[in-house]
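Worksheet: one structure, shown below.
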Amino acid sequence: MTPGMVSENNSSVKEFILLGLTQLPELQLPLFFLFLGIYVVSMVGNLGLIVLIVLNPHLHTPMYYFLFNLSFTDLCYSSVITPKMLVSFVKQNIISHAECMTQLFFFAFFVIDECCILTAMAYDRYAAICKPLLYKVIMSHQVCFVLMVGGYTVGFVGAIAHTVCMLRLTFCDGNIINHYMCDIPPLLKLSCTSTSINELVVFIVVGVSIIVPSLTVFISYTLILSNILHIHSTKGRSKALSTCSSHMIAVSLFFGSSSFIYFKSSPVGSVDKDKISTVFYTVVVPMMNPFIYSLRNKDVQIALRKTLKKNCSLK
């Protein structure tokens, strides 16, 4: 630890060094350009989807309302993580204690919010396939708004809980975080005070934000598949499955990679083994979502063609 990084009263670290994804010099530059490209594609893809939904009235439905919020969330939490990650590839990445806690808060907020949005989207697909005659009532504007406000509220409360509990810890044994961001497990490893409360909060918050949504998604798709099996028409089954396939892929990628990190015997386990999974759901998944929801979606493709044609005719 360098001089000036500790306070005189409690030896609390005032800034951290983020080691980044790898320390191998030969990989630094290639990985910098790789993740820079991923970040640019993620920004363009999510921002493009947001603009497309706003500009096309026929996309102003519950499904695309949730997709709008998903793209916004991906846009935000990718921006919270990736720029700092890129710095680690070109120079020593120093982050102040305040910046670290801020990054932790927004990361937790947007990740929990993404879990809630994906769950709301599963409920929307259940209503569309299993209750088509009551769909407009079940998924009214008020219901959609309440679901989103509830999701953001859960994200805020969870992020506050993680951040406040982290602020109570004292970091005095070192200031090097073996990660590319201020995530909970590597920070707990640095603490020289008891982390039992933090571990309990991780168990509760992660449990609520992953187990409950996972169960909701599982129940929704169990009912959806049961309903699809009762459809006699092959074309009808195919159409029903196609409306769910994109969401099922997105859910599997996000919940699969994120649950791997936190559902372990101890939240302070090997950080090195977790980096790849963390990269997947913090950097790669936000880039993939726009493609998952647009490549096989005829409504989005039609809206894109109409928007491009309109812009070309104005020139």
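The figures that follow rest on heavy atoms only: side chains count, while hydrogens, waters and symmetry mates do not. Not measured: the values here are computed from a predicted model.
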Under the side chain to side chain contact (heavy atoms under 4.5 Å, CB included) criterion, do Phe35 and Phe89 qualify, and how do the steps go?
CA-CA 10 Å; Phe35 285 104; Phe89 292 124; 3.9 Å; yes
Just wondering, are more than 12 heavy atoms of other shown residues or ligands nearer than 6.0 Å to [atom1] in [X]?
{"X": "Leu200", "atom1": "CG", "result": "yes"}
{"X": "Phe72", "atom1": "CZ", "result": "no"}
{"X": "Phe32", "atom1": "CZ", "result": "yes"}
{"X": "Tyr135", "atom1": "OH", "result": "yes"}
{"X": "His141", "atom1": "NE2", "result": "no"}

Least distance between heavy atoms, [X] atom then [Y] atom:
{"X": "Asp124", "Y": "Pro62", "answer": "OD1-CB, 3.5 Å"}
{"X": "Val202", "Y": "Ile184", "answer": "CG2-CG2, 3.7 Å"}
{"X": "Asp183", "Y": "Thr278", "answer": "OD2-CG2, 4.3 Å"}
{"X": "Ala127", "Y": "Ile138", "answer": "CB-CG2, 3.9 Å"}
{"X": "Cys144", "Y": "Tyr65", "answer": "O-CE2, 3.6 Å"}
{"X": "Ile94", "Y": "Lys84", "answer": "O-NZ, 3.3 Å"}

Under 3.5 Å, is there a donor-acceptor pair between the side chain of [X] and the main chain of [Y]?
{"X": "Glu99", "Y": "Ser96", "answer": "yes"}
{"X": "Gln103", "Y": "Cys182", "answer": "yes"}
{"X": "His179", "Y": "Gly20", "answer": "no"}
{"X": "Thr193", "Y": "Thr170", "answer": "yes"}
{"X": "Ser42", "Y": "Ile38", "answer": "no"}
{"X": "Ser226", "Y": "Thr222", "answer": "no"}
{"X": "Tyr180", "Y": "Thr22", "answer": "no"}

Find out if a path of hydrophobic residues (ILVMFWY) with successive side-chain heavy-atom gaps under 4.5 Å connects [X] to [Y].
{"X": "Val146", "Y": "Ile117", "answer": "no"}
{"X": "Leu215", "Y": "Val208", "answer": "no"}
{"X": "Leu36", "Y": "Leu34", "answer": "yes"}
{"X": "Val201", "Y": "Leu167", "answer": "no"}
{"X": "Met288", "Y": "Val283", "answer": "yes"}

Would you give the length of the straight line joining atom [atom1] of [X] to atom [atom2] of [Y], rounded to the nearest 0.5 angstrom?
{"X": "Leu147", "Y": "Gln142", "atom1": "CG", "atom2": "CD", "answer": "11.5 Å"}
{"X": "Asp113", "Y": "Asn69", "atom1": "CG", "atom2": "CG", "answer": "7.5 Å"}
{"X": "Asn289", "Y": "Asp74", "atom1": "CG", "atom2": "CG", "answer": "4.5 Å"}
{"X": "Tyr64", "Y": "Leu70", "atom1": "OH", "atom2": "CG", "answer": "13.0 Å"}
{"X": "Phe110", "Y": "Ser78", "atom1": "CZ", "atom2": "OG", "answer": "11.0 Å"}
{"X": "Thr163", "Y": "Phe156", "atom1": "OG1", "atom2": "CZ", "answer": "9.5 Å"}

Does a donor on one side chain and an acceptor on the other come within less than 3.5 Å for Tyr39 and Ser79?
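Yes, a side-chain donor-acceptor pair sits under 3.5 Å.
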Any non-hydrogen side-chain atom of [X] less than 4.5 Å from a side-chain atom of [Y]?
{"X": "Tyr123", "Y": "Thr216", "answer": "no"}
{"X": "Leu118", "Y": "Val217", "answer": "no"}
{"X": "Val44", "Y": "Met287", "answer": "no"}
{"X": "Cys130", "Y": "Ile224", "answer": "yes"}
{"X": "Met139", "Y": "Thr61", "answer": "no"}
{"X": "Met181", "Y": "Leu18", "answer": "no"}
{"X": "Ile112", "Y": "Phe109", "answer": "no"}
{"X": "Pro186", "Y": "Leu190", "answer": "no"}

Start with the C-alpha distance between Gln28 and Val90, add both sets of side-chain angles, then the distance that settles side chain to side chain contact (heavy atoms under 4.5 Å, CB included), and finish with yes or no.
CA-CA 7 Å; Gln28 299 285 358; Val90 294; over 6 Å; no
Less than 6.0 Å separating the ring centroids of Phe16 and Phe171?
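For Phe16 and Phe171, the ring centres are under 6.0 Å apart.
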Would you call the rings of Tyr77 and Phe254 parallel, tilted or perpendicular, taking 30° and 60° as the class edges?
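It falls in the perpendicular class, over 60°.
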Out of Asn198, Leu169, Ile177, which one pairs with Leu187 under the side-chain contact (heavy atoms from CB on, under 4.5 Å) rule?
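Only one of Asn198, Leu169, Ile177 forms a side-chain contact (heavy atoms from CB on, under 4.5 Å) with Leu187, namely Ile177.
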Where do Ile197 and Arg168 land on the side chain to side chain contact (heavy atoms under 4.5 Å, CB included) test, with the steps shown first?
CA-CA 10 Å; Ile197 294 178; Arg168 59 176 286 277; 3.7 Å; yes
Between Met101 and His97, is a side chain to side chain contact (heavy atoms under 4.5 Å, CB included) present by the stated rule, with each step listed?
CA-CA 6 Å; Met101 294 301 107; His97 184 276; 3.7 Å; yes
